[in-house]
Amino acid sequence: MKISSLQGDFKVIQTIKNRDELLVLGSWKDLVRMFDSNRTFLVNRNESLFGIYLCKQECAEFMNKIIQEIDYHEWEDFKIDKPSFNNQFHA
């Protein structure tokens, strides 16, 4: 899942080895802003990509923090061209 927010750009991946563990990828600046730098590690030097492992609860808290910091005032001109629920079946 890709997340773009005021806090930075992140990609969250569930690890195959441990289903309760999630890998969050992002730039050093974005990850250190949200997490402790001691836990952040280099993933790809060429892309300046770093990562951090989180349990699902910690990831939920991370997502909650990002959601709480959304500036809803920017949504005044928000329009949905094609609602995704149109193709769903209703009982």
Side-chain angles (χ1 to χ4, degrees):
M1 164 178 36
K2 291 184 180 180
I3 301 169
S4 293
S5 72
L6 296 174
Q7 300 302 317
D9 296 322
F10 306 96
K11 185 173 183 180
V12 181
I13 302 170
Q14 185 175 25
T15 62
I16 296 171
K17 184 178 172 184
N18 182 351
R19 294 284 185 196
D20 292 328
E21 186 174 65
L22 299 167
L23 174 61
V24 178
L25 301 172
S27 72
W28 174 264
K29 180 181 75 172
D30 293 344
L31 287 174
V32 171
R33 182 181 306 137
M34 299 296 292
F35 304 102
D36 185 17
S37 63
N38 296 352
R39 298 173 56 194
T40 307
F41 58 91
L42 180 64
V43 174
N44 186 317
R45 184 178 310 264
N46 294 335
E47 296 179 19
S48 297
L49 186 64
F50 292 82
I52 185 169
Y53 286 110
L54 303 176
C55 67
K56 286 184 178 179
Q57 179 62 38
E58 193 174 14
C59 190
E61 292 167 4
F62 160 65
M63 303 275 289
N64 189 29
K65 184 174 181 178
I66 288 176
I67 290 169
Q68 288 177 355
E69 294 178 0
I70 291 175
D71 183 5
Y72 293 101
H73 293 90
E74 295 178 1
W75 287 28
E76 291 174 359
D77 298 325
F78 182 73
K79 294 179 186 176
I80 299 176
D81 293 332
K82 181 179 175 187
S84 60
F85 62 83
N86 279 349
N87 297 332
Q88 295 179 355
F89 294 100
H90 299 282

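Since this is a predicted model, take the numbers as computed values, not measurements.
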Is there a chain of hydrophobic side chains (I, L, V, M, F, W, Y, each step under 4.5 Å between heavy atoms) that links [X] to [Y]?
X: V43; Y: I3; answer: no
X: L31; Y: I66; answer: yes
X: L23; Y: M1; answer: no
X: I13; Y: L49; answer: yes
X: I52; Y: M34; answer: yes

>> Under the rule for side-chain contact (heavy atoms from CB on, under 4.5 Å), what residues qualify as partners of N46, not counting sequence neighbours?
In response: N44
>> I need the F10 CZ to S5 OG distance, nearest 0.5 Å.
In response: 5.5 Å
> Which distance, rounded to the nearest 0.5 Å, do you find between the OG1 of T15 and the CG of L22?
Replying inline: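 T15 atom OG1 to L22 atom CG measures 7.0 Å (nearest 0.5 Å).
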> Quick check: are there more than 12 heavy atoms from other residues, nucleotides or ligands sitting under 6.0 Å from CG of L42?
Replying inline: yes
> Between D30 and S27, does a side-chain hydrogen bond (donor to acceptor under 3.5 Å, both in side chains) hold up when you go through it step by step?
Replying inline: CA-CA 5 Å; D30 293 344; S27 72; 3.2 Å; yes
For residues 53-63, which side-chain N or O atoms pair as donor and acceptor with protein atoms under 3.5 Å away, sequence neighbours left out?
from, atom 1, to, atom 2, distance (Å)
K56, NZ, R19, O, 3.3
Q57, NE2, E61, OE2, 3.2
E58, OE1, R39, NH2, 3.0
E58, OE2, R39, NH1, 2.7
E58, OE2, R39, NH2, 3.4

> Any salt bridge (Lys or Arg N to Asp or Glu O under 4.0 Å) pairs touching residues 6-18, not counting sequence neighbours?
Replying inline: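 Listed by first then second residue: nothing to list.
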